[in-house]
Amino acid sequence: MKLSCTILLALFSFGYLQSQQKTENIVFITLDGFRWQELFGGGVDTLMNDLIFVKDTLTLQAKFAGETKEIRREKLLPWFWSHIGKYGQVYGNRWHGNLVNCTNVQWFSYPGYNEILTGFSDPYVNSNDKKYNQNVTVLEWLHQKDEFAGKIAAFCSWDVFPYIINDVRSGIPVNVSENKSPSSDWSSNEVLLNQIQDEVPVLFGSMRLDVFTHHLALENMQRNHPRLVYIAYGETDDFAHDGRYDHYLNSAWQTDKWIGEVWDYLQSDQFYKDKTTLLITTDHGRGTSPKEEWKSHGKIFAGSPEIWIAVMGPDTPPTGEVRTPGRHFQNQLASTLAKFLGYDYVSTQEIGASIESMFNQTSR
């Protein structure tokens with residue numbers, strides 16, 4: 001009898017704790033190739049003062065320079081550090097021994113996004129070619145659940161994402177520049193954005209400007225209220241490859257402003273308010289030394305596997321920047337995302353475990 005009561009109490013406690021979870025929706029965001037050095041330290045003086053990478057050094061210094069890393073990063077990413085830096089968690093400040101790394105050995109985009117979205121690195125994913133991903137992403141895995149069928153959407157600047165997410169097999173709509181025909185239920189703003197994205201100059205070939213990705217995502221959220229939204233910004237990586245550190249920093253600053261707009265919208269809509277977790281990361285790092293290597297990434301560039309993760313939401317302790325030594329990996333993001341939505345993600349491959357420190361003890 002005593003044993004039975006103990007078991008019943010344990011089951012009741014487990015159910016009670018499960019019921020305390022508040023997250024019902026996820027907005028998942030990636031900033032392509034945005035380094036941890038700028039995230040935690042702001043603009044780098046040696047690069048901001050270099051006329052090879054910056055056309056107007058005085059203007060850039062006036063906007064982003066500061067005496068300390070903390071001042072510089074708050075100038076570069078004011079919303080991020082005033083919100084996630086205070087009310088969420090930020091991992092990956094290697095100056096404090098807090099490490100986040102890729103497990104794939106390619107250290108460029110398709111392998112990185114595959115690892116992020118599937119929870120494991122695949123040695124056969126070794127190019128950025130437009131090949132449909134044979135691996136099932138956590139987005140597709142969740143989309144197979146009745147609770148999330150038809151309630152997941154992706155908005156991406158890079159036109160390889162339909163292949164990474166495998167929109168044909170998964171059935172998940174992936175909005176990229178190749179989507180030419182607006183749906184009959186689109187808002188007038190969506191129709192206009194879809195039209196003018198083809199009328200602006202092409203800067204990056206297969207990458208549309210992030211402004212279209214951002215506003216199309218917001219419009220869709222307001223109209224359809226998807227429960228899981230993936231927004232993949234790309235300009236930070238493209239400007240870096242172009243060797244324009246000024247544009248790279250300004251793009252990060254603008255993206256920070258856009259993420260703030262997303263959060264403000266989430267808190268203004270009762271469908272999302274206080275029920276949505278924001279999860280943010282990057283697909284790879286960049287080179288570090290000599291300084292010209294900041295433009296590049298890949299196997300031969302040290303620093304390329306070094307990334308970061310940020311999170312904020314109703315089930316995450318507001319510890320801010322994590323300054324204790326530790327190590328996490330890119331392959332932990334998929335299971336972490338699923339756990340916020342109440343699922344234990346499983347795959348045919350061995351996947352990274354969820355990051356338990358992102359969850360309140362009383363919400364699990």
Side-chain angles (χ1 to χ4, degrees), residues 23-30 32 109-120 122 125 128-186 190 193-194 197 206-208 210 212-234 262 271-272 276-281 283 333-343 345-349 351:
T23 297
E24 298 178 8
N25 316 290
I26 292 277
V27 175
F28 184 41
I29 294 175
T30 52
D32 200 302
S109 291
Y110 198 144
Y113 290 119
N114 174 77
E115 182 177 340
I116 288 170
L117 295 173
T118 67
F120 63 91
D122 183 347
V125 177
N128 283 335
D129 294 344
K130 291 182 176 180
K131 295 180 179 179
Y132 281 108
N133 197 349
Q134 299 304 301
N135 304 313
V136 174
T137 69
V138 68
L139 306 182
E140 182 175 354
W141 186 84
L142 286 166
H143 199 248
Q144 295 168 355
K145 312 294 183 186
D146 290 342
E147 186 180 2
F148 287 95
K151 298 178 181 179
I152 299 176
F155 299 84
C156 312
S157 294
W158 191 30
D159 65 4
V160 180
F161 270 104
Y163 299 86
I164 298 172
I165 296 172
N166 200 330
D167 60 342
V168 173
R169 186 187 64 217
S170 69
I172 296 171
V174 184
N175 185 291
V176 295
S177 59
E178 291 179 344
N179 304 129
K180 303 299 182 185
S181 300
S183 173
S184 60
D185 61 346
W186 277 22
E190 288 172 290
L193 287 163
N194 187 67
Q197 71 177 345
S206 63
M207 186 83 70
R208 73 176 171 194
D210 284 341
F212 298 108
T213 297
H214 171 73
H215 286 289
L216 284 165
L218 265 183
E219 286 287 324
N220 184 271
M221 291 167 67
Q222 293 167 9
R223 178 169 57 84
N224 282 339
H225 292 96
R227 291 194 55 194
L228 171 52
V229 182
Y230 177 37
I231 307 175
Y233 300 106
V262 170
F271 182 86
Y272 293 111
T276 303
T277 287
L278 186 64
L279 186 62
I280 312 174
T281 191
D283 54 331
L333 282 155
S335 56
T336 301
L337 185 154
K339 184 169 182 177
F340 274 118
L341 295 173
Y343 286 93
Y345 174 52
V346 294
S347 172
T348 58
Q349 305 292 323
I351 59 175

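Between the CG atom in N114 and the CD atom in Q134 there is a gap of 11.0 Å [rounded to 0.5 Å]. With values rounded to the nearest 0.5 angstrom, N166 atom CG is found 6.5 Å from Y132 atom OH. Separating the CZ atom in F161 from the CG atom in N175 is a distance of 12.5 Å, to the nearest 0.5 Å. To the nearest 0.5 angstrom, L193 atom CG is 10.0 Å from L218 atom CG. Remark: N25 CG to T277 OG1 distance equals 9.0 Å, nearest 0.5 Å.
Between V176 and C156, the closest heavy-atom pair is CG1-O, 3.4 Å. Considering all non-hydrogen atoms of both residues, Y110 and V160 come closest at CD1-CG1, 3.9 Å. Between P226 and M221, the closest heavy-atom pair is CD-CA, 3.8 Å. The two residues I165 and T137 have their closest heavy-atom pair at CA-CG2, 4.4 Å.
The shortest distance between side-chain heavy atoms of F28 and T281 falls below 4.5 Å.
The backbone N or O of H214 sits nowhere less than 3.5 Å from a side-chain atom of Y233 that would complete a donor-acceptor pair. In this structure a side-chain-to-backbone donor-acceptor pair under 3.5 Å is present from N133 to I164. Listed for the D210 side chain is no donor-acceptor partner under 3.5 Å among the backbone atoms of T213. In terms of modelled atom types and a separation under 3.5 Å, the side chain of H143 and the main chain of G150 share a donor-acceptor contact.
Judged by distance alone, the side chains of N135 and T118 never bring a donor and an acceptor atom under 3.5 Å apart. For the residue pair T30 / Y230, a side-chain donor-acceptor distance below 3.5 Å is found, with atom types taken as modelled.
For S183, the side chain to side chain donor-acceptor pair (under 3.5 Å) partners at least two apart in sequence or on another chain are D185. For E24, the side chain to side chain contact (heavy atoms under 4.5 Å, CB included) partners are R227, K275, not counting sequence neighbours. Remark: K130 engages D159, E178 in a salt bridge (Lys or Arg N to Asp or Glu O under 4.0 Å) (not counting sequence neighbours).
Ring geometry, H225 versus F271: the interplanar angle falls from 30° to 60°, so the pair is classed tilted.
A ring-centre distance under 6.0 Å is not found for F212 and F155.
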Working for side chain to side chain contact (heavy atoms under 4.5 Å, CB included), residues L142 and L228: CA-CA 9 Å; L142 286 166; L228 171 52; 3.8 Å; yes
Go through Y163 and D129 one step at a time and tell me if the side-chain hydrogen bond (donor to acceptor under 3.5 Å, both in side chains) criterion holds. CA-CA 9 Å; Y163 299 86; D129 294 344; over 6 Å; no
